[in-house]
Amino acid sequence: MTKLFTSAAAIALIAGSAFAQQDTITIGMQLEPPNLDPTGGAAAAIDEVVYSNIFEGLTRFGPDGSIQPGLASDWSVNDDGTVYTFTLRDGVTFHDGSAMDAEDVIFSLDRARAEDSTNAQKALFAGIESVEAPDPLTVEVTLSEPNGNFPFNMAWGDAVIVAPESIEEAATAPVGTGPFTFTEWVQGDHVTISRNDAYWGEAPALATATFKFISDGNAAFAAMMAGDVDAFPVFPAPELISQFEADPRFTVIEGSTEGETILGMNNALAPLDNVKVRRAISHAINRQDIIDGAMFGYGTPIGTHFAPHNPDYVDLTDMSAHDPEAAKALLAEAGVENLTLRLMLPPPTYARRGGEIIAAQLRDVGIETEISNLEWAQWLEQVFKGKDFDLTIVSHTEPADINIYARPEYYFQYDNADFQALIEDLAVESDPAKRSEMNKTAQRTIAEDYVNGYLFQLAKVGVANAKIEGLWENAPTQANDLTEVRWVD
Amino acid sequence: MLRFVLTRFVSLTLSLIVASLVIFAVIEIIPGDPASYMLGLNASPDAVAALRDQLGLNESLALRYVDWVGGMVTGDFGLSYTYKVPVSDLVMQRLWVSLPLAIYALVLSTLIAIPVGLIAAAKRGSATDYSIMGATQLGIAVPNFWFAMLLVLVFAVTLRWFSAGGFPGWDAGFWLALKSLTLPAIALALPQASILARVMRSALIETLGEDYIRTARAKGLSRRQATVRHALRNAMIPVLTIIGLQFSFLLAGAIIIENVFFLPGLGRLIFQGITQRDLIVVESLVMLLVFAVILVTFLVDIAYAAVDPRLRRGR
């Protein structure tokens with residue numbers, strides 16, 4: 001008996017980490033971040049590693065998309081909506097030990113809005129006139145005009161607070177204020193972060209987390225099955241999800257994203273400058289077929305450029321319901337026949353597979369398409385910058401981005417003065433009820449003008465070991481916030 | 001011998017100069033701007049302009065070519081646009097995966113192919129020969145990525161002897177790193193070994209029919225002695241050629257296998273560099289691979305000369 005007991009104790013000692021609560025995790029990601037500085041590039045993979053883990057902003061996105069306090073515990077706005085006063089948390093330090101105070105906030109905001117700034121979301125800072133610090137824990141931001149969206153803007157990964165001493169090295173050795181510190185980056189393979197014991201808030205349950213980069217869908221499947229990866233929050237191959245659903249070791253996490261997937265139309269080029277033709281194309285599309293065929297059923301149909309989980313969303317899918325007869329009639333009315341359109345497809349599956357389905361649906365109403373498959377860089381050059389296209393499919397993943405329709409130079413070239421005025425008013429409105437009403441009007445306007453074909457809201461389909469809890473279900477911003485993640489039995 | 005080496009060296013240098021011009025020209029004319037790729041869909045035009053300026057993309061082509069070649073000659077490959085680290089560091093990191101993997105696969109393939117080819121040739125026409133020939137045919141026909149996925153399913157997902165992929169780095173320990181390269185090396189080696197075994201067999205059969213083998217047998221050498229001492233050495237020339245070609249292929253062409261096993265190798269670096277328009281990485285890396293291939297060819301030429309003294313005199 002004693003012998004049995006001692007050997008059991010020995011096993012317990014050897015396998016100590018297995019008996020104690022597991023506190024390491026390996027997260028799979030399809031793309032590797034090019035660098036780890038969220039203020040210097042648009043790649044979503046950067047935020048997926050560092051947002052809320054390494055870097056924090058004045059405010060932050062909660063898992064439900066709400067704006068929550070970040071490094072600022074509180075903020076207020078003056079009566080005319082032009083001066084925001086942020087109260088900073090006391091005792092916050094950067095990972096290198098230096099204190100985070102109002103000077104760092106001034107530095108970060110001034111750097112992002114500077115003339116030579118390479119911040120990908122410079123527009124977030126455009127209205128800032130000055131940033132001042134009455135005392136080390138108070139920051140006053142003066143805007144040139146009221147902006148009810150300012151706390152929302154400050155929650156983006158591009159608006160995190162950085163320190164002047166460490167920002168130069170942030171691309172490869174990021175130093176922030178978050179609950180995890182950067183440990184190592186084996187380029188091409190993984191990034192490891194570790195718990196920050198000096199964190200100002202509640203310490204995370206995980207001691208270390210490793211982000212492993214696996215681009216191929218089958219390789220990702222094998223890595224999950226072999227237990228090399230514990231969770232894949234955005235799984236790259238929707239066709240393999242059903243196999244995880246059947247396996248009790250895993251849970252499938254389906255949530256929403258901010259990605260409105262649209263059939264972009266070149267509104268400045270004949271015959272797509274005719275609203276009847278655009279409307280005909282919208283009626284020719286069967287959204288559910290695209291969701292089923294290209295995304296294996298994951299996705300929510302949309303009728304305008306707005307996220308369905310947003311409280312201000314209006315369901316306008318009926319305005320462009322699948323109706324081939326109506327589409328043909330509209331084309332005849334517009335006097336368009338033998339129409340051939342160029343359909344330019346970027347690399348993601350939703351575009352490549354969706355494009356083929358749309359081409360077949362358009363053929364049913366008498367529109368031929370010439371499909372070109374483009375790489376992202378080519379797409380950016382030719383479609384986005386050069387506007388040399390008729391149709392394209394792309395998912396707009398930035399949160400609350402209906403304001404792109406107020407930019408007549410934007411690639412789909414929608415130019416409506418009333419809409420532009422509406423968005424200008426919306427930007428300076430801070431009354432929530434009025435904002436909501438304006439958001440709804442904006443959605444209706446672009447749906448009535450049939451600016452683009454509105455397809456579906458991109459779903460976030462992830463897979464995780466069933467013993468993990470605390471991963472974000474939805475993706476209000478592209479992030480893998482690990483603060484609440486833990487293993488349970 | 002010296003003259004032989006010198007003429008080969010001159011042609012090596014000329015090939016490199018031509019290659020650098022072609023690579024630079026091709027990569028500069030492909031559409032796509034690294035700065036707009038990095039800043040994405042919502043970027044303001046002035047942020048893109050600022051970044052282009054920072055990356056030095058606004059300078060003239062000729063100046064950039066001279067900068068690039070001049071840098072390479074002095075060992076400075078420039079700074080990656082996207083990773084923001086020196087290209088040479090990036091390449092060295094990847095080379096420490098790709099080079100060992102290529103060598104590992106080549107050693108495996110040679111160790112399998114030479115004896116197998118030898119046996120098949122020695123027992124020509126027998127059942128052993130036919131089954132070896134059938135097996136190698138299969139080895140060539142099976143796509144290596146499919147074989148790789150099969151290996152993963154069996155040894156990683158089901159048996160769990162190996163991890164499904166990834167590379168822990170040499171710092172994690174030599175055996176651990178080697179272990180993570182084992183399945184990819186086997187997947188890469190199988191088709192190469194099949195080709196090599198067939199080449200070995202036919203080369204050996206050809207030399208075994210030569211007069212000097214008959215002479216050797218006539219002066220009293222056993223069949224085995226004649227094969228090992230005379231035929232094998234003469235059969236090595238085509239085998240060396242194939243090994244040289246295979247090494248270049250394994251170093252640069254392992255990209256599909258790197259994807260299946262998510263290994264951070266050179267192939268994936270090039271692929272990423274192209275999609276992200278990290279032009280400087282692509283240019284330098286392609287140049288380096290051209291250099292490696294030319295160098296291997298050069299070394300194989302010299303090895304020919306070592307095996308066959310007639311070649312040393314040159315023409």
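All values below were derived from every heavy atom in this structure, side-chain atoms included, with hydrogens, water molecules and symmetry-related copies excluded. Order of the sequence lines sets the chain letters (A, B, ...), proteins ahead of strands, with each chain counted from 1.
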query = Would the number of heavy atoms belonging to other residues, nucleotides or ligands and lying under 6.0 Å from CZ of A:Phe152 be above 12?
reply = yes
Qualifying side chain to side chain donor-acceptor pair (under 3.5 Å) pairs with a residue from residues 171-193 of chain B, counting only residues at least two apart or across chains = B:Tyr104-B:Thr182, B:Gln192-B:Gln246
ask   = Which atoms form the tightest heavy-atom contact between B:Ala50 and A:Asp116, and what is the distance?
value = CB-O, 3.9 Å
remark   = All heavy atoms of B:Phe262 vs all of A:Ala223, minimum pair found to be CZ-CB, 3.8 Å
inquiry  = Sort by residue number and list every residue of residues 145-154 of chain B having at least one heavy atom under 4.5 Å from chain A.
reply    = B:Met149, B:Val152
message = For B:Trp96, is the CH2 atom crowded, meaning more than 12 foreign heavy atoms sit under 6.0 Å from it?
response = no
query = Which region of B:Gln272, side chain (C-beta onward) or backbone (N, CA, C, O), has a non-hydrogen atom less than 4.5 Å from a non-hydrogen atom of chain A, or is it both or neither?
reply = side chain
ask   = Checking heavy atoms, do the side chain of A:Asp189, its backbone, both or neither come under 4.5 Å from chain B?
value = both
request  = Can you tell which part of A:Pro33 gets under 4.5 Å to a heavy atom of chain B, answering side chain, backbone, both or neither?
outcome  = backbone
query = What residues form a ring-ring contact (aromatic ring centres under 6.0 Å, His included) with A:Phe244, not counting sequence neighbours?
reply = A:Phe221, A:Phe235, A:Phe250
query = How close do A:Gln187 and B:Pro264 get, heavy atom to heavy atom, and via which atoms?
reply = O-CB, 3.6 Å
request  = Find out whether B:Arg277 and A:Leu380 are in side-chain contact, i.e. whether some heavy atom of one side chain is under 4.5 Å from a heavy atom of the other.
outcome  = no
inquiry  = Would you say that more than 12 heavy atoms from the other residues, nucleotides or ligands in this model lie under 6.0 Å from the CD of A:Glu168, or not?
reply    = no
inquiry  = Counting heavy-atom pairs under 4.5 Å with chain B, which one of A:His190, A:Gln382, A:Gln378, A:Glu32 comes out on top?
reply    = A:Glu32
query = Which bit of B:Leu269 is near chain A, if near means a heavy-atom gap under 4.5 Å: side chain, backbone, both or neither?
reply = neither
Contacts of residues 155-168 of chain B with chain A (heavy atom under 4.5 Å) = B:Ala156, B:Val157, B:Arg160, B:Ser163, B:Ala164, B:Gly165, B:Gly166, B:Phe167
ask   = Which atom names give the shortest non-hydrogen contact between A:Phe213 and B:Arg268, and what distance separates them?
value = O-NH2, 4.0 Å
task = For each of A:Ile214, A:Thr397, A:Asp37, tally heavy-atom pairs with chain B at distances under 4.5 Å, and name the one with the top tally.
result = A:Ile214
message = Given heavy-atom pairs under 4.5 angstrom as the criterion, report whether the side chain, backbone, both or neither of A:Thr172 touches chain B.
response = side chain
request  = Tell me, yes or no, whether the heavy-atom count around B:Phe291 atom CZ, taken from other residues, nucleotides or ligands under 6.0 Å, exceeds 12.
outcome  = no
request  = For B:Ile256, look at atom CD1 and say whether over 12 heavy atoms of other residues, nucleotides or ligands are found less than 6.0 Å away.
outcome  = no
